[in-house]
Colleague: 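Below you'll find the structure I mean.
Fair warning: this is a prediction, and the values are worked out from it, not measured in the lab. Throughout, protein chains are lettered first and strands after them, A, B, ... in sequence-line order, and every chain is numbered starting at 1.
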Amino acid sequence: MEIPLSRFNNISLDQIQTSISNFPSIVLDHKLFSNTKFSLFNGYYDFSSFSSKNIRIRTPLSLIRCSSIKQGLQPKPKPKPNQIELERVSDKPSTQIKKPTNTSGLCGEIEKLVRFRRYKDALELFEIVECESDYYDVGESTYDALVKACIELKSIRGVKRVYNFMMRSGFEADQYMNNRVLLMHVKCGMMIDARRLFDEMPRKNVVSWNTIIVGLVDSGDYEVAFDLFMIMWREYHDAGSRTFVTMIRASAGLGCDYTGRQLHSNALKMGINEDAFVSCGLINMYSKCGFVEDAQRAFDEMPEKTVVGWNTIIAGYALHGYSEEALTMYFEMQDSGVKMDHFTYSIIISICARLASVEHAKQAHAGLVRNGFVSDLEANTALVDFYGKWGKIEDARRVFDRMPCKNLTSWNAMIAGYSNHGIGTEAVCMFEQMLREGQVPNHVTFLAVLSGCAHSGLSDQGWEIFESMGRKYKVKPRAMHYACMIQLLGREGLLDEALAMIRDAPFRPTENMWAALLNACRVHNNLELGKFAAEKLYGMEPEKLSNYVVLMNIYRSSGRLEEAADVVQTLRKRGLRMLPACSWIEVKKQPHCFHSGDKSHVQAEDIYKQLDKMMQEITKHGYVPSKKSLLPDVDKQEDRVLLYHSEKLAIAFGLISTSASTSLQVVQSHRICGDCHNVIKLIAKISQREIVVRDASRFHHFKDGTCSCGDYW
DNA sequence: GTAGGGTTAG
């Protein structure tokens with residue numbers, strides 16, 4: 001590795017050149033070290049290891065970069081070179097050398113680094129203190145800085161180092177410092193140690209209680225948190241708004257509006273209900289518990305609506321699928337003049353991903369850029385997710401590539417994007433790239449990449465990755481991973497193997513696994529096994545319509561109309577109604593929704609004319625209507641309805657209302673039927689347009705007469 | 001000086 005010599009700031013080049021004996025392990029003469037004011041922060045070197053004769057400088061350990069701090073390193077008060085040697089050789093703790101009384105040296109540097117938010121560097125510098133503990137007097141302010149560094153980095157190792165050093169050096173922590181140490185453990189998720197520290201604390205104050213309770217709530221131990229809260233409440237009568245906010249959050253986590261409401265009424269009694277934090281907590285609690293109206297009321301009662309208040313209520317509406325209401329609140333927020341933050345944009349973008357509203361998402365994207373949140377990790381991840389979900393996979397990739405840093409979620413969103421688009425090879429590529437960059441995959445990653453393999457029929461890669469999950473990455477395959485593999489087997493027509501996979505699973509087979517098998521039976525027209533899988537599913541989720549519909553369609557495509565009718569009967573007996581399928585298309589910023597055979601659109605006449613014209617043209621290209629796969633909304637007038645499936649209407653409308661080269665984006669509520677799939681392939685060919693359809697399970701990219709799904713979905 | 005609210009992944 002090439003390291004520029006200029007990094008050795010205060011040493012002449014001659015000296016350096018004569019000193020370097022073994023790059024990148026550089027050995028400097030001890031005289032050189034003692035005589036030279038060596039600026040640690042301008043170099044890339046770690047001084048923590050000393051050899052007996054020479055001062056050995058290991059490189060490039062830590063990349064300690066700090067051009068702004070020119071303060072030199074003073075490891076001890078004027079040590080003589082031979083002293084170093086003697087001490088090292090004898091390997092005894094030094095007694096002769098006094099600790100420096102001020103912290104302007106190394107400890108000061110650590111504090112400075114933390115102030116500059118360079119936590120990693122601070123913890124690395126701390127290594128020297130650990131090695132040379134006799135020379136440094138680590139005081140409260142330094143510990144405070146180290147605690148902050150650990151919290152910011154969520155570094156368990158850092159916590160252990162700092163805590164052990166504190167114990168070893170005999171530091172006597174006061175109430176403040178004990179609380180800080182407790183907080184450090186809590187924030188790094190070390191709840192067992194945190195609980196021990198809390199229980200063993202010589203004195204506790206309200207802060208100690210709040211800190212441990214926050215930790216419990218963060219880690220989902222809501223019941224224990226409530227137990228402690230009750231003790232605190234009895235003993236102290238001193239719970240303030242901060243404790244309340246945490247307990248309201250615990251109620252939200254439990255989905256328990258009963259305790260939430262009790263806390264709310266107590267907050268009213270205490271006069272803290274108008275506190276912005278309490279209000280936001282209440283809005284969140286009510287919406288998480290499913291009481292959106294109460295959430296709205298809590299929001300309305302906020303005297304000063306903060307950006308978080310707006311975000312919370314918008315997210316609340318979005319959580320329950322009230323996307324339009326959420327957007328309405330977003331517009332109100334814009335009117336109110338409150339400055340939006342990156343959370344607002346993240347929420348809006350994720351709502352747009354669901355609504356498939358490109359225009360609003362684009363506006364949010366623009367707002368994001370305008371307000372300088374371009375590098376915000378979560379917002380960008382939401383964008384990757386959005387563009388991935390909305391068929392703009394290239395845009396997703398562009399955002400992804402421009403992200404200055406990525407986390408696991410970003411990678412997962414990108415891989416899932418490729419998977420949903422049926423670009424399995426690219427999903428696998430991204431997965432491999434992710435591994436190369438040192439990102440550790442989790443179960444979501446595997447789900448994304450395996451479903452990519454399943455969507456694209458990448459059998460070999462799929463099995464290799466599936467097999468590596470537990471062996472290499474210690475991620476236990478879950479039901480959904482099994483479902484992907486079942487899908488892969490099903491795609492290849494290996495239905496018996498798929499059944500065996502379900503039976504051999506190390507856990508009780510889930511709905512998803514049977515559903516994957518049922519779908520494979522649909523594709524391969526395997527009536528017997530299909531019936532078997534469907535019956536399993538009826539037992540597990542009797543309310544789920546799609547199970548009946550798939551079996552009904554299997555019967556129909558095998559020409560067994562009586563059995564198909566029986567399924568419809570069973571369905572009715574169970575009080576289930578077939579929901580009308582619908583498709584959306586956005587034209588000129590306006591979403592248009594179509595139901596099958598729907599004539600409510602203002603341009604209905606033109607749309608139907610266009611559709612008839614389209615059908616005539618594709619018939620010339622060899623289209624024959626298929627009656628095989630029928631949708632939930634079909635009834636006696638099958639042919640007519642099949643002809644006017646909602647996706648066909650949406651596409652006809654798209655064709656007449658956009659210019660010739662525009663690609664069409666359609667979102668639909670159901671899995672695309674075989675007939676529509678054929679029709680759209682031909683329309684894409686004849687009209688020379690790209691048509692992207694997002695159905696209930698994935699994307700279909702139609703271009704030049706083919707579809708990205710390879711006719712398996 | 002220490003503790004509190006909201007976002008992302010099928």
Colleague: Distance check needed: B/dG1 P versus A/Y143 OH, whole Å only.
Modeller: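 Distance check: A/Y143 OH to B/dG1 P gives 23 Å.
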
Colleague: Does A/N442 reach a base, just sugar-phosphate, or nothing at all? Heavy atoms under 4.0 Å.
Modeller: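 Base contact - A/N442 has a heavy atom under 4.0 Å of at least one base atom.
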
Colleague: What is the separation between atom OH on A/Y387 and atom C1' on B/dA9, rounded to the nearest whole Å?
Modeller: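 Going from OH in A/Y387 over to C1' in B/dA9 covers 18 Å.
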
Colleague: Report the distance from atom OH of A/Y345 to atom P of B/dG6, rounded to the nearest whole Å.
Modeller: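 Nearest whole value for this atom pair: 21 Å.
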
Colleague: Are any of A/R249's side-chain N or O atoms less than 4.0 Å away from OP1 or OP2 of B/dG5?
Modeller: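 Answer is yes, contact under 4.0 Å.
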
Colleague: Less than 4.0 angstrom between a side-chain N/O of A/K406 and OP1 or OP2 of B/dT8, yes or no?
Modeller: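 Result: no.
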
Colleague: Among A/I283, A/V278, A/T259, which residue meets the side chain to side chain contact (heavy atoms under 4.5 Å, CB included) test with A/I248?
Modeller: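 The passing option is A/V278.
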
Colleague: Under the criterion ring pair (Phe, Tyr, Trp, His ring centres under 6.0 Å), I'd like the reasoning laid out for A/W209 against A/F229: C-alpha separation, chi angles, the key distance, then a yes or no.
Modeller: CA-CA 8 Å; A/W209 283 86; A/F229 171 68; 10.0 Å; no

Colleague: Between A/Q668 (side chain) and A/D695 (backbone), is there a donor-acceptor pair under 3.5 Å?
Modeller: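 Pair absent, no side-chain N/O of A/Q668 close to backbone of A/D695.
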
Colleague: Expressed in angstrom and rounded to an integer, what is the separation of A/I213 atom CD1 from B/dG4 atom P?
Modeller: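 So the two atoms are 12 Å apart, to the nearest Å.
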
Colleague: Across the strands shown, which category fits A/K148 at heavy-atom distances under 4.0 angstrom: base, sugar-phosphate, nothing?
Modeller: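 Answer is nothing: A/K148 stays at 4.0 Å or more from every strand.
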
Colleague: Does NZ or CZ of A/K148 come closer than 6.0 Å to the centre of the six-membered ring of A/Y119, within 45° of the ring's axis?
Modeller: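 Here A/K148 fails the 6.0 Å and 45° test against A/Y119.
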
Colleague: With a 3.5 Å cut-off and just heavy-atom distances, do the side chain of A/T243 and the base of B/dG4 make a donor-acceptor pair?
Modeller: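 Checked by distance alone, the answer is no.
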
Colleague: Rounding to a whole Å, what distance do you find between A/W411:CH2 and B/dT8:P?
Modeller: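 These atoms are roughly 22 Å apart.
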
Colleague: Classify the ring geometry of A/Y473 against A/F446: parallel below 30°, tilted from 30° to 60°, perpendicular beyond 60°.
Modeller: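 Plane angle between 30° and 60°, so tilted.
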
Colleague: Rounded to the nearest Å, what distance is computed from the CG atom of residue A/D144 to the C1' atom of nucleotide B/dG1?
Modeller: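 That distance rounds to 7 Å.
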
Colleague: Less than 4.0 angstrom between a side-chain N/O of A/N284 and OP1 or OP2 of B/dG6, yes or no?
Modeller: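 A/N284 to B/dG6 OP1/OP2: side-chain N or O found under 4.0 Å.
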
Colleague: Give one of base, sugar-phosphate or nothing for A/V207, where a contact means two heavy atoms less than 4.0 Å apart.
Modeller: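 Result for A/V207 = base.
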
Colleague: How long is the line joining NE2 of A/H455 and C1' of B/dG10, in whole Å?
Modeller: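 It is 9 Å, rounded to the nearest whole Å.
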
Colleague: Tell me what A/T445 touches on the nucleic acid: a base, only sugar-phosphate, or nothing, going by heavy atoms under 4.0 Å.
Modeller: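 Answer is nothing: A/T445 stays at 4.0 Å or more from every strand.
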
Colleague: Whole Å only: how far is the CG atom of A/L377 from the C1' atom of B/dT8?
Modeller: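 So the CG-C1' distance, A/L377 to B/dT8, works out to 9 Å.
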
Colleague: When we call it a touch if two heavy atoms are under 4.0 Å apart, what does A/A416 touch: a base, just sugar-phosphate, or nothing?
Modeller: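 Since only primed, P, OP1 and OP2 atoms lie under 4.0 Å of A/A416, the category is sugar-phosphate.
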
Colleague: Over all strands shown, is A/S419 touching base, sugar-phosphate only, or nothing at heavy-atom distances under 4.0 angstrom?
Modeller: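 Contact class for A/S419: none.
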
